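Here is the structure we will look at, set down as structure tokens.
No hydrogens, no waters, no symmetry mates; every other heavy atom, side chains included, goes into these values. Only a predicted model underlies this, so the values are computations on that prediction, with no experimental measurement involved. Within every chain, numbering begins at 1; the chains are lettered A, B, ... in the order of the sequence lines, protein sequences first and strands thereafter.
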Protein chains: 2
Amino acid sequence: MKERGSSDPKKRILAAAISLFAQKGFAAVGVREIAAEAGVNIAMISYYFEGKVGILKEIMEEFFRRYFLVFEGVDDESKTPEACVRGLIHNIVNFVRENTELTMVSYNELPLDLPEIAELKAEKIADMIQRISGLVLRMGLDPKDAFLIAVVGPSLISTIFTNFRLRPVMKHVFPFKFDDAYYERYAETIATLFLHGIKGLAEERKGKKRSTK
Amino acid sequence: MKERGSSDPKKRILAAAISLFAQKGFAAVGVREIAAEAGVNIAMISYYFEGKVGILKEIMEEFFRRYFLVFEGVDDESKTPEACVRGLIHNIVNFVRENTELTMVSYNELPLDLPEIAELKAEKIADMIQRISGLVLRMGLDPKDAFLIAVVGPSLISTIFTNFRLRPVMKHVFPFKFDDAYYERYAETIATLFLHGIKGLAEERKGKKRSTK
DNA sequence: CTCCTTGACAAACGTTTGTTTAATTTTTAT
DNA sequence: ATAAAAATTAAACAAACGTTTGTCAAGGAG
């Protein structure tokens with residue numbers, strides 16, 4: 001059908017699957033549809049990926065591989081923690097912007113309990129939390145306080161991801177132009193939102209500690 | 001199979017479908033599975049709902065019907081806007097807690113572009129934004145500033161909903177007991193997070209306005 | 001040349017999909 | 001009591017599902 005760019009059939013299947021899964025969801029897409037979109041014979045899917053879920057598995061692995069790079073060296077101690085958080089948020093927004101479909105597939109199918117990927121997910125997420133614990137400490141929160149980490153972290157991530165996830169719906173509600181300026185302002189806005197929010201939580205924590213002494 | 005509580009077959013189908021859709025997603029659940037779970041003949045689904053998507057449609061309508069009640073009288077001018085926001089957040093958390101599966105189905109299938117429900121969603125969301133615009137104004141933001149509304153609102157909602165949505169994954173990462181105390185602390189925490197965040201955005205806005213004068 | 005692996009294909013596999021049909025029971029109204 | 005309406009059933013429908021089969025062409029190694 002579309003005959004996606006690369007001549008490597010495996011890459012073409014992957015690209016087609018990412019696009020279709022992002023649009024309709026994993027379960028709603030058939031292997032025939034993927035094969036047609038990739039301009040490839042159906043049998044090639046089982047040949048290269050050992051079945052349909054094999055594609056999803058590779059997609060999620062690729063997602064985490066790229067996603068982890070965003071957190072690389074994010075806790076730069078030569079900068080203020082506020083600047084680090086702002087930089088991190090910009091990086092995440094840009095990452096999702098440049099890998100929208102890949103991110104949407106991975107994020108949408110996260111809750112899906114395919115035993116073949118269930119283990120992968122928890123491991124990767126735990127890993128990710130570890131990476132930002134240093135920055136969390138410098139922001140005035142206790143990195144040992146799993147509760148706050150479990151609230152603020154997913155809140156930030158879900159905020160950004162959902163902004164892309166609900167794009168089709170939001171386009172009918174808000175008349176924005178989603179250009180460079182939009183994403184710049186968007187990143188700045190949620191950075192302000194969360195920086196002030198985290199500061200508020202840190203202050204509350206200090207207040208509690210003092211009062212229990 | 002399970003023969004859900006009610007004797008009304010339509011209600012039993014609805015209950016079974018909500019449970020199954022919440023677990024596996026709309027596309028991954030077959031009508032036979034729903035019928036079996038509801039203890040009902042397959043043909044009853046087309047008879048009562050005119051097909052599988054008819055069930056989803058009724059589910060989403062029921063969700064919005066209940067969800068709107070949460071925003072009823074939320075902008076109580078006898079209370080401070082901060083107290084209103086805190087109350088609203090508590091109400092939303094409690095609502096999702098008491099309607100978890102219904103909410104998860106509606107939220108998960110939101111991006112899905114079934115033309116039969118596409119119109120419904122945008123309308124309902126626009127309606128919802130209208131309802132909180134008064135409160136937004138009292139919090140120091142400009143309700144005409146669609147951008148901030150479009151950022152803060154969905155951020156708060158996605159934060160809460162995602163907390164429930166990723167529960168299966170998070171259970172493998174964080175060892176919490178999700179009891180009354182957890183939800184109480186959770187609501188208080190994100191209330192603090194967003195109240196300070198919104199205050200930060202409001203201050204920034206004031207600063208900008210002053211500087212452009 | 002022969003041998004063997006790899007890549008690609010059409011075709012068919014047995015299941016399962018959502019929906020419909022026609023017959024039958026149950027309920028309601030007259 | 002009888003007729004009409006509503007509820008429920010088993011069975012069948014074509015279509016689509018994910019996977020596998022057997023075959024054939026191409027290419028490198030010995």
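- Atom CD1 of A:Ile45 is separated from atom P of D:dT20 by 13 Å (rounded to the nearest Å).
- When all heavy atoms of B:Ile190 and B:Thr159 are compared, the pair lying nearest together is CG2-CG2, 4.1 Å.
- Spacing between atom CD1 of B:Ile13 and atom P of D:dT9 amounts to 10 Å, rounded to whole angstrom units.
- Protein atom CZ of B:Arg12 is 14 Å distant from nucleotide atom P of D:dA7, rounded to whole Å.
- Each of A:Arg32 and A:Val40 has a nearest nucleotide on DNA chain C; the 5'-most of these lies closest to A:Val40.
- Rounding to whole angstrom units, CZ of residue B:Phe21 and C1' of C:dG18 are separated by 12 Å.
- Residue contacts shown for A:Val53 are absent, as no nucleic acid heavy atom lies under 4.0 Å away.
- Looking at A:Arg32 and A:Glu37, no side-chain N of the basic residue comes within less than 4.0 Å of a carboxylate O on the acidic one, giving no salt bridge.
- Across all strands shown, A:Ile42 has heavy atoms under 4.0 Å from base atoms, whether or not it also approaches the sugar-phosphate.
- With distances taken from any side-chain atom of B:Ala43 to the nucleotides C:dG18, D:dA10, C:dC9, the minimum falls on D:dA10.
- Atom-to-atom, NZ of B:Lys52 to P of D:dA16 comes out at 15 Å; the value is rounded to the nearest Å.
- Side-chain proximity of B:Val31 to the nucleotides D:dG18, C:dT19, C:dC9 is greatest for C:dT19.
- Nucleic acid contact for A:Tyr48: sugar-phosphate only, since backbone atoms but no base atoms lie under 4.0 Å from a heavy atom of the residue.
- B:Glu33 places its CD atom 18 Å from the P atom of C:dT15, with the value rounded to the nearest Å.
- The minimum heavy-atom distance linking B:Ala27 with A:Ala27 is given by the pair CB-CB, 3.9 Å.
- A:Ile55 places none of its side-chain heavy atoms less than 4.5 Å from the side chain of A:Tyr48.
- Distance from the side chain of A:Ser46 is smallest to D:dT20 among D:dT20, C:dT20, C:dG18.
- Between B:Met44 atom CE and C:dT24 atom C1' there is a gap of 12 Å when expressed in whole angstrom units.
- OP1 or OP2 of C:dG7 has not a single side-chain nitrogen or oxygen of A:Asn41 nearer than 4.0 Å.
- Under 4.0 angstrom from either OP1 or OP2 of C:dA8 there lies no side-chain N or O belonging to A:Tyr47.
- Taking the charged nitrogens against the carboxylate oxygens, B:Arg86 and B:Glu188 do have a contact shorter than 4.0 Å, which makes a salt bridge.
- For A:Phe49 and C:dA8, the CZ to C1' distance is 15 Å, given to the nearest whole Å.
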